[in-house]
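All ligand and atom numbering here is 1-based and tracks the order in the structure. Position 1 is the first residue of the sequence, and the numbers go up from there.
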Amino acid sequence: MAPSVAELTNNENETPTNTTFVGKPKLSYPFYFPYYDINEKFPPTQLFEHSDPGARADPAKPHLLTANTTAREISPYIGTEITGIQISQLSKEGLDELALFAAERKVLLFRDQDFKDIGPERQIEIARHFGPIQRHPTSGNVKGYPEFHVVYRDPEHDHFRDYRGRDRASGVSWHSDISYEKQPPSTTFFFILDQPGVGGDTLFLSQVEAYKRLSPEFQKRLEGLRAVHSAVEQAAFSERRGGPVRRVPVESEHPLVRQHPVTGEKALYVNQGFTRRIVGFKQEESDLILNFLFDHIAKGADFQIRATYAPGTVVVWDNRVTAHSATVDFENTILRHAVRLTPQAEVPIPA
Ligand code: SIN
């Protein structure tokens, strides 16, 4: 049964007590506190037929962009900020148009969403419109709702432990979500529940523009190549810190350059988070090319944006044509709490 609004919003008695904030962390939505059952197991992900909602959309987007909507481009290649829409109110046609708009603009920032109005059932219903929602093999989820991937930071519970610390000079960690799946995700939803007053932005980049910046000769050399994307290290990391491994970690081969099924745009499909080696290349050859590409996308500030949030922001991105990184520039005594729903899409189409 769907939780009531009172269950979703902050209630002093329901605020988790297993944190050591100086003063208690006052979660706006304790319902979404990360839940781990280390004995939880999921079956292997099954292949499925995917038909992209963006392909059904009216290109004029009359159900999404109405007279009440304002849409402001954040940069020419990527990112649009939108006000005057409640995602929870969108019709099926509006959601189709959202898929197309996200594919065109790569990242959409919807402001001032009323989470009390949405609730977990509707959030899941919306995300399922785009494809089956991945159940994350290692991250915190929401009790009873394994579809949610919870991003949460306090002194005892730090989603970003693998971003900061260890030997790394910077916490920036570019990735495309769960690209190791045979059918990686498309239109992804990230709901900002609590957010630092300053910091905790997400960096996004356009893999379409990153591809366009390469010379035609180099583009030709990359097309046709495939790379292995792996979940093995993520699972090992979770195991080392006593976290769950809910599914046997998978490795998939994907094209280095993929084509978007609706816009037809070509995009680089490599990310330092999960892409490990180019199939058929010797390791040094593969490292040379992949390191160049990782460096190329990471340095491309002219095809990146920094998405800033406030509680009530919902950011929607098309994972097939973007990469992103959290910015862990806030202390773990400052609450940041968000939940992601990650619908899976087609087997990547080679360019
Ligand atoms: C994610 O990697 O999906 C979350 C990004 C963030 O926490 O900013």
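Within 6.0 Å of the NZ atom in Lys143, the count of heavy atoms belonging to other residues, nucleotides or ligands does not exceed 12. A 6.0 Å sphere centred on CD of Gln283 holds more than 12 heavy atoms belonging to other residues, nucleotides or ligands. The number of heavy atoms from other shown groups lying within 6.0 Å of CD (Glu233) does not exceed 12.
Using a 4.0 Å cut-off to heavy atoms of His324, the atoms of ligand 1 that qualify are 1 (C), 2 (O), 3 (O). Those atoms of ligand 1 with a heavy atom of Val151 less than 4.0 angstrom away are 7 (O). Remark: ligand 1 atoms within the under-4.0 Å shell around heavy atoms of Arg340 are 1 (C), 3 (O).
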Exercise. Would Leu293 and Leu268 count as a side chain to side chain contact (heavy atoms under 4.5 Å, CB included) if you check the C-alpha gap in whole Å, the side-chain angles of each, and the deciding distance to 0.1 Å?
Worked result: CA-CA 9 Å; Leu293 292 173; Leu268 281 178; 4.2 Å; yes
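Here Arg213 pairs with Glu209 in a salt bridge; the nearest charged N to carboxylate O distance falls below 4.0 Å.
Contacts between Thr327 and ligand 1, counted as non-hydrogen atom pairs separated by less than 4.0 Å, are absent for every part of the residue.
At a 3.5 angstrom cut-off on N or O pairs, Asp201 does not count as close to ligand 1. An N or O contact shorter than 3.5 Å links His175 to ligand 1 by distance.
Phe292 and His296 have parallel rings, their planes meeting at less than 30° on a 0 to 90° scale where 60° marks the start of perpendicular.
Residue contacts with ligand 1: His149 is excluded, as none of its non-hydrogen atoms falls under 4.0 Å.
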